[in-house]
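For reference, the structure discussed in these notes is given below.
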Amino acid sequence: MPVTINGTSGLVTATSYAGAGGDLTGITTGKILQVVQVIKKDIQSHTGTSFVDISGFNPSITPTGSNSKILLDICIQGSSNGSGALNVYRSIGGGSYAQLTDFIGDQHPNSSNANRTTMSAGGQDANSFESFAMKILDTPSYSSGQAVAYKLQIGSPYHSTYIWYINRSAYLHNSTYDKSVISTFTLTEVAAWP
(Lines give C-alpha, C1' and ligand atoms only; values in the text may rest on other atoms or scores of the structure.)
Protein backbone atom coordinates (compact mmCIF):
# COMPACT_ATOMS: atom_id res chain seq x y z
CA MET A 1 0.00 0.00 0.00
CA PRO A 2 1.74 3.22 -1.14
CA VAL A 3 1.91 5.89 1.56
CA THR A 4 2.47 9.62 1.04
CA ILE A 5 3.82 11.78 3.85
CA ASN A 6 3.26 15.54 3.56
CA GLY A 7 6.52 17.14 4.70
CA THR A 8 4.77 20.36 5.75
CA SER A 9 1.71 19.14 7.63
CA GLY A 10 2.91 15.67 8.56
CA LEU A 11 -0.30 14.17 7.14
CA VAL A 12 0.03 10.51 6.18
CA THR A 13 -2.15 9.46 3.24
CA ALA A 14 -2.69 5.96 1.88
CA THR A 15 -3.03 6.41 -1.86
CA SER A 16 -4.40 2.92 -2.52
CA TYR A 17 -5.13 -0.38 -0.83
CA ALA A 18 -4.17 -3.18 -3.17
CA GLY A 19 -6.70 -5.97 -3.49
CA ALA A 20 -9.34 -4.32 -1.37
CA GLY A 21 -10.70 -1.49 -3.49
CA GLY A 22 -10.56 0.78 -0.45
CA ASP A 23 -13.62 -0.90 1.12
CA LEU A 24 -11.83 -3.23 3.59
CA THR A 25 -12.78 -6.36 1.67
CA GLY A 26 -9.16 -7.41 1.98
CA ILE A 27 -9.54 -7.55 5.76
CA THR A 28 -11.24 -10.80 6.72
CA THR A 29 -11.10 -10.85 10.53
CA GLY A 30 -12.14 -8.59 13.37
CA LYS A 31 -14.28 -6.14 11.39
CA ILE A 32 -17.93 -5.30 12.05
CA LEU A 33 -20.26 -6.95 9.53
CA GLN A 34 -23.67 -5.74 10.77
CA VAL A 35 -25.47 -4.29 13.78
CA VAL A 36 -29.03 -4.96 15.02
CA GLN A 37 -30.70 -3.13 17.91
CA VAL A 38 -34.02 -3.33 19.74
CA ILE A 39 -35.26 -0.56 22.01
CA LYS A 40 -37.74 -1.26 24.80
CA LYS A 41 -39.78 1.80 25.72
CA ASP A 42 -42.70 0.23 27.58
CA ILE A 43 -42.81 -0.56 31.28
CA GLN A 44 -42.82 -4.13 32.54
CA SER A 45 -43.02 -5.61 36.01
CA HIS A 46 -42.78 -9.14 37.33
CA THR A 47 -43.40 -10.54 40.79
CA GLY A 48 -42.12 -13.86 42.06
CA THR A 49 -39.39 -16.45 42.01
CA SER A 50 -40.09 -17.74 38.50
CA PHE A 51 -38.22 -16.28 35.53
CA VAL A 52 -40.07 -14.63 32.64
CA ASP A 53 -39.01 -13.05 29.36
CA ILE A 54 -38.46 -9.33 29.08
CA SER A 55 -41.11 -8.72 26.43
CA GLY A 56 -40.22 -7.18 23.08
CA PHE A 57 -36.55 -7.42 23.92
CA ASN A 58 -35.32 -10.33 21.80
CA PRO A 59 -33.10 -9.17 18.92
CA SER A 60 -32.23 -11.55 16.09
CA ILE A 61 -29.32 -11.42 13.66
CA THR A 62 -28.53 -13.61 10.65
CA PRO A 63 -24.74 -13.79 10.37
CA THR A 64 -23.33 -12.98 6.94
CA GLY A 65 -19.92 -14.46 7.65
CA SER A 66 -18.85 -17.96 8.60
CA ASN A 67 -17.81 -18.52 12.23
CA SER A 68 -18.65 -14.95 13.22
CA LYS A 69 -18.78 -13.86 16.83
CA ILE A 70 -21.76 -11.93 18.16
CA LEU A 71 -21.18 -9.07 20.58
CA LEU A 72 -24.15 -8.56 22.92
CA ASP A 73 -24.42 -5.05 24.32
CA ILE A 74 -27.14 -5.05 26.99
CA CYS A 75 -28.34 -1.94 28.78
CA ILE A 76 -31.39 -2.25 31.02
CA GLN A 77 -32.79 0.49 33.22
CA GLY A 78 -35.10 -0.44 36.03
CA SER A 79 -35.20 -1.45 39.66
CA SER A 80 -36.13 -4.17 42.09
CA ASN A 81 -37.61 -3.84 45.55
CA GLY A 82 -35.67 -6.92 46.58
CA SER A 83 -33.08 -9.30 45.19
CA GLY A 84 -33.57 -9.76 41.45
CA ALA A 85 -31.64 -11.79 38.89
CA LEU A 86 -31.29 -11.72 35.11
CA ASN A 87 -30.18 -14.44 32.65
CA VAL A 88 -29.39 -14.53 28.93
CA TYR A 89 -30.70 -17.12 26.44
CA ARG A 90 -29.92 -17.93 22.79
CA SER A 91 -31.85 -19.57 19.96
CA ILE A 92 -30.36 -20.72 16.64
CA GLY A 93 -32.38 -21.22 13.48
CA GLY A 94 -35.72 -20.69 15.23
CA GLY A 95 -35.11 -23.49 17.72
CA SER A 96 -35.77 -23.43 21.44
CA TYR A 97 -33.89 -20.98 23.64
CA ALA A 98 -31.06 -22.24 25.85
CA GLN A 99 -29.42 -20.35 28.69
CA LEU A 100 -25.89 -19.10 28.02
CA THR A 101 -24.34 -20.95 30.94
CA ASP A 102 -20.85 -19.77 30.00
CA PHE A 103 -21.97 -16.35 31.22
CA ILE A 104 -23.17 -17.06 34.76
CA GLY A 105 -21.16 -16.88 37.97
CA ASP A 106 -19.40 -19.88 39.48
CA GLN A 107 -20.85 -21.54 42.55
CA HIS A 108 -20.20 -19.29 45.54
CA PRO A 109 -17.47 -20.87 47.72
CA ASN A 110 -19.16 -19.81 50.97
CA SER A 111 -22.82 -20.22 50.03
CA SER A 112 -24.01 -23.47 48.48
CA ASN A 113 -27.48 -21.96 48.00
CA ALA A 114 -26.29 -18.91 46.07
CA ASN A 115 -28.14 -18.32 42.80
CA ARG A 116 -25.83 -18.49 39.79
CA THR A 117 -26.88 -15.75 37.38
CA THR A 118 -25.63 -13.29 34.75
CA MET A 119 -26.69 -10.03 36.42
CA SER A 120 -28.27 -9.09 39.72
CA ALA A 121 -30.46 -6.27 41.04
CA GLY A 122 -29.88 -5.28 44.63
CA GLY A 123 -32.97 -3.24 45.48
CA GLN A 124 -30.87 -0.90 47.60
CA ASP A 125 -32.86 2.24 46.77
CA ALA A 126 -36.22 1.48 45.21
CA ASN A 127 -36.85 5.18 44.58
CA SER A 128 -34.00 5.29 42.08
CA PHE A 129 -33.12 3.53 38.87
CA GLU A 130 -30.41 0.99 38.53
CA SER A 131 -28.60 0.56 35.24
CA PHE A 132 -27.66 -2.98 34.28
CA ALA A 133 -25.07 -2.94 31.51
CA MET A 134 -22.97 -5.77 30.15
CA LYS A 135 -21.08 -6.76 27.03
CA ILE A 136 -20.87 -10.46 26.15
CA LEU A 137 -18.87 -11.86 23.23
CA ASP A 138 -20.71 -14.99 22.16
CA THR A 139 -19.46 -17.64 19.71
CA PRO A 140 -22.61 -19.39 18.45
CA SER A 141 -22.48 -22.49 16.26
CA TYR A 142 -24.75 -21.82 13.27
CA SER A 143 -25.17 -22.79 9.64
CA SER A 144 -25.39 -20.42 6.68
CA GLY A 145 -28.68 -18.52 6.66
CA GLN A 146 -29.61 -19.39 10.25
CA ALA A 147 -30.80 -16.57 12.47
CA VAL A 148 -29.28 -16.23 15.94
CA ALA A 149 -31.70 -14.72 18.47
CA TYR A 150 -31.26 -13.71 22.08
CA LYS A 151 -33.60 -12.93 24.97
CA LEU A 152 -33.37 -11.99 28.64
CA GLN A 153 -35.31 -13.38 31.58
CA ILE A 154 -35.88 -11.72 34.95
CA GLY A 155 -36.96 -13.14 38.28
CA SER A 156 -36.53 -12.78 42.03
CA PRO A 157 -35.41 -16.24 43.16
CA TYR A 158 -34.98 -15.24 46.79
CA HIS A 159 -38.56 -14.29 47.67
CA SER A 160 -41.97 -14.57 46.00
CA THR A 161 -43.03 -11.01 46.90
CA TYR A 162 -40.07 -9.23 45.34
CA ILE A 163 -40.80 -7.31 42.13
CA TRP A 164 -38.66 -6.51 39.09
CA TYR A 165 -39.45 -3.26 37.24
CA ILE A 166 -38.16 -2.49 33.76
CA ASN A 167 -37.97 1.17 32.61
CA ARG A 168 -39.32 2.58 35.89
CA SER A 169 -38.40 2.84 39.54
CA ALA A 170 -40.01 0.56 42.10
CA TYR A 171 -41.94 3.35 43.81
CA LEU A 172 -44.02 5.98 42.03
CA HIS A 173 -44.97 9.40 43.37
CA ASN A 174 -47.37 10.55 40.60
CA SER A 175 -45.16 13.58 40.05
CA THR A 176 -42.32 14.84 37.87
CA TYR A 177 -40.08 12.86 40.23
CA ASP A 178 -41.18 9.76 38.32
CA LYS A 179 -39.49 8.91 35.02
CA SER A 180 -40.08 6.57 32.10
CA VAL A 181 -36.88 5.52 30.37
CA ILE A 182 -35.66 3.08 27.72
CA SER A 183 -33.56 -0.07 27.61
CA THR A 184 -31.50 -1.25 24.63
CA PHE A 185 -30.20 -4.60 23.38
CA THR A 186 -27.66 -4.43 20.55
CA LEU A 187 -26.13 -7.31 18.56
CA THR A 188 -22.97 -6.76 16.53
CA GLU A 189 -21.66 -9.39 14.15
CA VAL A 190 -17.88 -9.44 14.21
CA ALA A 191 -15.88 -11.36 11.62
CA ALA A 192 -14.05 -14.26 13.28
CA TRP A 193 -10.37 -14.01 14.04
CA PRO A 194 -7.77 -16.69 14.71
Side-chain angles (χ1 to χ4, degrees), residues 35-61 69-92 94-140 147-188:
V35 179
V36 173
Q37 183 181 71
V38 293
I39 300 173
K40 182 175 176 66
K41 296 182 178 181
D42 61 307
I43 291 170
Q44 179 178 347
S45 63
H46 171 61
T47 305
T49 57
S50 63
F51 280 76
V52 300
D53 294 353
I54 298 180
S55 62
F57 209 57
N58 52 327
S60 176
I61 192 167
K69 295 179 183 291
I70 307 297
L71 178 63
L72 287 66
D73 191 343
I74 302 164
C75 181
I76 297 173
Q77 295 193 83
S79 61
S80 172
N81 67 350
S83 177
L86 184 148
N87 292 312
V88 186
Y89 294 77
R90 183 215 300 134
S91 167
I92 296 179
S96 59
Y97 281 87
Q99 185 177 4
L100 296 184
T101 55
D102 286 344
F103 303 107
I104 60 174
D106 288 342
Q107 184 60 54
H108 198 294
N110 300 315
S111 176
S112 60
N113 293 317
N115 190 276
R116 299 176 62 206
T117 188
T118 301
M119 285 192 265
S120 177
Q124 304 261 340
D125 181 2
N127 287 294
S128 303
F129 283 95
E130 292 182 75
S131 290
F132 310 94
M134 182 172 287
K135 292 182 186 293
I136 294 173
L137 188 61
D138 187 30
T139 307
V148 182
Y150 296 88
K151 71 176 184 178
L152 305 176
Q153 288 194 339
I154 53 173
S156 299
Y158 177 69
H159 202 284
S160 62
T161 62
Y162 287 163
I163 309 173
W164 252 104
Y165 297 95
I166 303 297
N167 290 342
R168 58 157 277 194
S169 59
Y171 298 135
L172 296 179
H173 303 81
N174 194 25
S175 71
T176 54
Y177 187 88
D178 303 325
K179 300 173 187 69
S180 293
V181 296
I182 68 168
S183 298
T184 61
F185 195 165
T186 307
L187 305 179
T188 302

**Request:** Verify side-chain contact (heavy atoms from CB on, under 4.5 Å) between V38 and F57, making sure each step is shown before the conclusion.
**Result:** CA-CA 6 Å; V38 293; F57 209 57; 4.2 Å; yes
**Message:** Under a plain distance cut-off of 3.5 Å, with no hydrogens placed, do Q153 and D53 share a side-chain donor-acceptor pair?
**Reply:** yes
**Prompt:** Looking only at side chains, do K41 and S180 share a donor and an acceptor under 3.5 Å apart?
**Reply:** no
**Prompt:** So does Y158 have more than 12 non-hydrogen atoms from other groups sitting under 6.0 Å from OH?
**Reply:** no
**Prompt:** Counting heavy atoms not belonging to K179, are there more than 12 under 6.0 Å from its NZ?
**Reply:** yes
Main-chain N/O of [Y] paired with [X] side-chain donor or acceptor, under 3.5 Å:
X    : Y    : result
S50  : G155 : no
S183 : Q77  : yes
K40  : S55  : yes
W164 : A85  : yes

**Request:** Please identify each residue that fulfils side-chain contact (heavy atoms from CB on, under 4.5 Å) with T47, with sequence neighbours left out.
**Result:** I163
**Request:** Tell me, please, which residues at least two apart from T184 pass side-chain contact (heavy atoms from CB on, under 4.5 Å).
**Result:** Q37, I39, C75, I182
Is [Y] close to [X] at the side-chain level, that is, under 4.5 Å between some pair of heavy atoms?
X    : Y    : answer
N167 : Q44  : no
I70  : Y150 : yes
L187 : L72  : yes
N58  : Y89  : no

Euclidean distance, [Y] [atom2] relative to [X] [atom1], rounded to 0.5 Å:
X    : Y    : atom1 : atom2 : result
S91  : K151 : OG    : NZ    : 8.5 Å
L100 : I136 : CG    : CD1   : 6.5 Å
D73  : M134 : CG    : CE    : 11.0 Å
T188 : I61  : OG1   : CD1   : 7.0 Å

**Request:** Start with the C-alpha distance between I154 and I76, add both sets of side-chain angles, then the distance that settles side-chain contact (heavy atoms from CB on, under 4.5 Å), and finish with yes or no.
**Result:** CA-CA 11 Å; I154 53 173; I76 297 173; 5.8 Å; no
**Prompt:** Do F132 and L86 pass the side-chain contact (heavy atoms from CB on, under 4.5 Å) test, and can you show the C-alpha distance, the side-chain angles, and the key distance before you say yes or no?
**Reply:** CA-CA 10 Å; F132 310 94; L86 184 148; 5.6 Å; no
**Complete:** On a heavy-atom basis, the closest approach of F103 and L137 is CZ-O, 3.6 Å
**Message:** Pair T186, V36 - check side-chain contact (heavy atoms from CB on, under 4.5 Å), show working.
**Reply:** CA-CA 6 Å; T186 307; V36 173; over 6 Å; no
